[in-house]
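Inspection log for the structure reproduced underneath, given as structure tokens.
This structure is a prediction, so every number in the text was calculated from the model and none was measured. By convention here, the first residue in the shown sequence is residue 1.
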Amino acid sequence: MARLFWLSDEAWAAIEPHLPRGLPGKPRVDDRRVISGILHVLKVGGRWRDCPAEYGPATTIYNRYHRWAQRGRWQRLFAQVADVGVIPDELALDTTHVKAHRSAAAGKGGRGAQAIGTSRGGQTSRIHCLADDRGRPVALALTPGSFSDIRMALLLSEQVALPKRLLADRAYDADSLRDWLKERRITPVIPSSKARTVPHPYNRRAYRRRNVIERLFCRIKNWRCIATRYDRLAANYLAGVALVAAVTEWAQ
């Protein structure tokens with residue numbers, strides 16, 4: 001049996017002030033126990049019905065996860081925990097593909113509506129992320145795997161405070177992004193694509209620091225329900241990514 005996951009005192013102290021209060025209906029059962037149960041399932045990748053009894057009824061664990069995901073509460077929790085009021089000198093921008101399990105293929109509205117698309121890796125989703133200079137995520141988005149990197153770059157960048165530099169790989173070498181950054185006095189640290197006749201210069205030393213976001217993806221993909229998408233609903237999967245990112249990257 002997999003080792004049970006429990007929120008540490010430090011993690012609980014970081015997220016507890018941001019939990020919703022004064023909601024109508026019956027008083028909630030122990031939040032720390034229920035959220036620990038949700039994180040346990042996300043960690044081991046098991047079925048919700050198989051959630052260990054130490055966390056309480058499995059239906060309670062799943063219902064809390066699903067209802068709060070549909071209402072955007074896990075995403076708001078992530079945004080509040082990550083809002084430390086400090087503007088970093090640089091942000092790193094990148095994406096990672098996630099294989100969609102066959103159990104995720106029948107979501108409402110079809111695959112495209114639930115952020116599943118066909119790419120070279122099969123049926124996949126794509127996590128778009130901005131990370132600070134310590135490799136902590138500050139903005140997240142989910143699209144079908146066939147969605148190009150550059151199409152989400154501006155939407156994601158507009159969600160955060162403006163840094164001095166933006167680090168990204170050559171997939172983000174587009175005039176639209178470079179012009180947007182120039183208007184805001186942000187230095188692009190982006191190598192030029194091979195299609196450019198005259199390459200743009202960039203700071204190679206600063207570009208090496210882009211690996212912080214690659215390491216971030218490796219850490220969150222240690223969680224099985226993040227590394228492989230089992231959720232049919234895009235909101236549920238993104239909620240899991242947001243919750244794991246809040247707990248592991250910001251609340252420790």
Quick one: do [X] and [Y] end up in the same hydrophobic cluster if we chain Ile, Leu, Val, Met, Phe, Trp and Tyr together by side-chain heavy atoms under 4.5 Å apart?
{"X": "Phe147", "Y": "Leu238", "result": "no"}
{"X": "Tyr172", "Y": "Leu162", "result": "yes"}
{"X": "Leu154", "Y": "Met152", "result": "no"}
{"X": "Leu155", "Y": "Ile150", "result": "no"}
{"X": "Val212", "Y": "Ile220", "result": "no"}

Got a donor-acceptor contact below 3.5 angstrom from the [X] side chain to the [Y] backbone?
{"X": "Asn203", "Y": "Ala206", "result": "yes"}
{"X": "Glu249", "Y": "Arg136", "result": "no"}
{"X": "Asn211", "Y": "Arg208", "result": "yes"}
{"X": "Asn63", "Y": "Thr59", "result": "yes"}
{"X": "Thr187", "Y": "Arg165", "result": "no"}

Checklist outcome for this item: Contacts of His97 meeting ring-ring contact (aromatic ring centres under 6.0 Å, His included) (sequence neighbours excluded), chain-then-number -> none
Next on the checklist: If the condition is ring-ring contact (aromatic ring centres under 6.0 Å, His included), which residues does Trp180 pass it with, not counting sequence neighbours?
Outcome noted: none
Side chain to side chain, [X] and [Y], heavy atoms closer than 4.5 Å:
{"X": "Arg219", "Y": "Thr248", "result": "no"}
{"X": "Val98", "Y": "Thr124", "result": "no"}
{"X": "Leu19", "Y": "Arg28", "result": "yes"}
{"X": "Trp68", "Y": "Pro20", "result": "yes"}
{"X": "Thr118", "Y": "Ser146", "result": "no"}
{"X": "Pro52", "Y": "Leu4", "result": "yes"}
{"X": "Leu140", "Y": "Phe78", "result": "yes"}
{"X": "Lys43", "Y": "Val244", "result": "no"}

Look at [X] together with [Y] and state whether they make a salt bridge at an N to O cut-off of under 4.0 Å.
{"X": "Asp9", "Y": "Arg32", "answer": "yes"}
{"X": "Arg196", "Y": "Asp175", "answer": "yes"}
{"X": "Asp133", "Y": "Arg209", "answer": "no"}
{"X": "Asp173", "Y": "Arg170", "answer": "no"}
{"X": "Arg184", "Y": "Glu158", "answer": "no"}

Checklist entry - Taking the six-membered ring for Trp, are Trp48 and Tyr65 ring centroids under 6.0 Å apart? => result yes
Looking at [X] and [Y], what are the two nearest heavy atoms and their distance?
{"X": "Ala251", "Y": "Ala14", "value": "CB-CB, 3.6 Å"}
{"X": "Gly37", "Y": "Cys51", "value": "O-SG, 4.1 Å"}
{"X": "Val41", "Y": "Cys225", "value": "O-SG, 3.6 Å"}
{"X": "Leu93", "Y": "Ala153", "value": "CD2-CB, 3.8 Å"}
{"X": "Pro144", "Y": "Ile116", "value": "CB-C, 3.8 Å"}
{"X": "Glu54", "Y": "Arg33", "value": "O-CD, 3.6 Å"}

Checklist entry - Going by atom types alone, do Arg229 and Ser125 pair a side-chain donor with an acceptor below 3.5 Å? => result yes
Checklist entry - Are Gln70 and Asn236 linked by a side-chain donor-acceptor pair shorter than 3.5 Å? => result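 Short answer, yes.
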Next on the checklist: Can you tell me which residue among Thr96, Asp94, Thr143 is in a side chain to side chain donor-acceptor pair (under 3.5 Å) with His128?
Outcome noted: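 That would be Thr143.
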Checklist entry - With His40, which of Trp223, Tyr55, Phe5 fulfils ring pair (Phe, Tyr, Trp, His ring centres under 6.0 Å)? => result Tyr55
Item to check | Audit row: Trp6, Leu39, side chain to side chain contact (heavy atoms under 4.5 Å, CB included) steps and yes/no | outcome: CA-CA 8 Å; Trp6 295 102; Leu39 287 164; over 6 Å; no
Next on the checklist: Surrounding CZ of Arg185 (heavy atoms of other residues, nucleotides or ligands, distance under 6.0 Å), is the total greater than 12?
Outcome noted: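 No.
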Next on the checklist: For the CZ atom on Arg224, are there more than 12 heavy atoms of other groups (residues, nucleotides or ligands in this structure) within a distance under 6.0 Å?
Outcome noted: no
Next on the checklist: I'd like to know whether His200 forms a side chain to side chain contact (heavy atoms under 4.5 Å, CB included) with Ser193, so could you lay out the CA-CA distance, the side-chain angles of the two residues, the decisive distance to 0.1 Å, and finally the verdict.
Outcome noted: CA-CA 9 Å; His200 288 281; Ser193 66; over 6 Å; no
Report the distance from atom [atom1] of [X] to atom [atom2] of [Y], rounding to the nearest 0.5 Å.
{"X": "Ile190", "Y": "Leu167", "atom1": "CD1", "atom2": "CG", "value": "8.5 Å"}
{"X": "Asp169", "Y": "Glu214", "atom1": "CG", "atom2": "CD", "value": "7.5 Å"}
{"X": "Ile213", "Y": "Cys129", "atom1": "CD1", "atom2": "SG", "value": "4.5 Å"}
{"X": "Ile61", "Y": "Arg49", "atom1": "CD1", "atom2": "CZ", "value": "15.5 Å"}
{"X": "Arg47", "Y": "Ser103", "atom1": "CZ", "atom2": "OG", "value": "11.5 Å"}
{"X": "Leu177", "Y": "Leu181", "atom1": "CG", "atom2": "CG", "value": "4.5 Å"}

Checklist entry - With respect to Asp132, which candidate in Pro137, Pro88, Pro163 satisfies the side-chain contact (heavy atoms from CB on, under 4.5 Å) definition? => result Pro88
Item to check | Aromatic ring pairing His66/Tyr62, orientation class (parallel under 30°, perpendicular over 60°, tilted between) | outcome: parallel
Item to check | Ring geometry between Tyr202 and Tyr207 (parallel below 30°, tilted from 30 to 60°, perpendicular above 60°) | outcome: perpendicular
Checklist entry - Between Leu243 and Leu77, does a side chain to side chain contact (heavy atoms under 4.5 Å, CB included) hold up when you go through it step by step? => result CA-CA 8 Å; Leu243 177 58; Leu77 172 66; 4.1 Å; yes
Checklist entry - So Ile186 and Leu91, side chain to side chain contact (heavy atoms under 4.5 Å, CB included) or not? Walk me through it. => result CA-CA 10 Å; Ile186 302 173; Leu91 293 176; over 6 Å; no
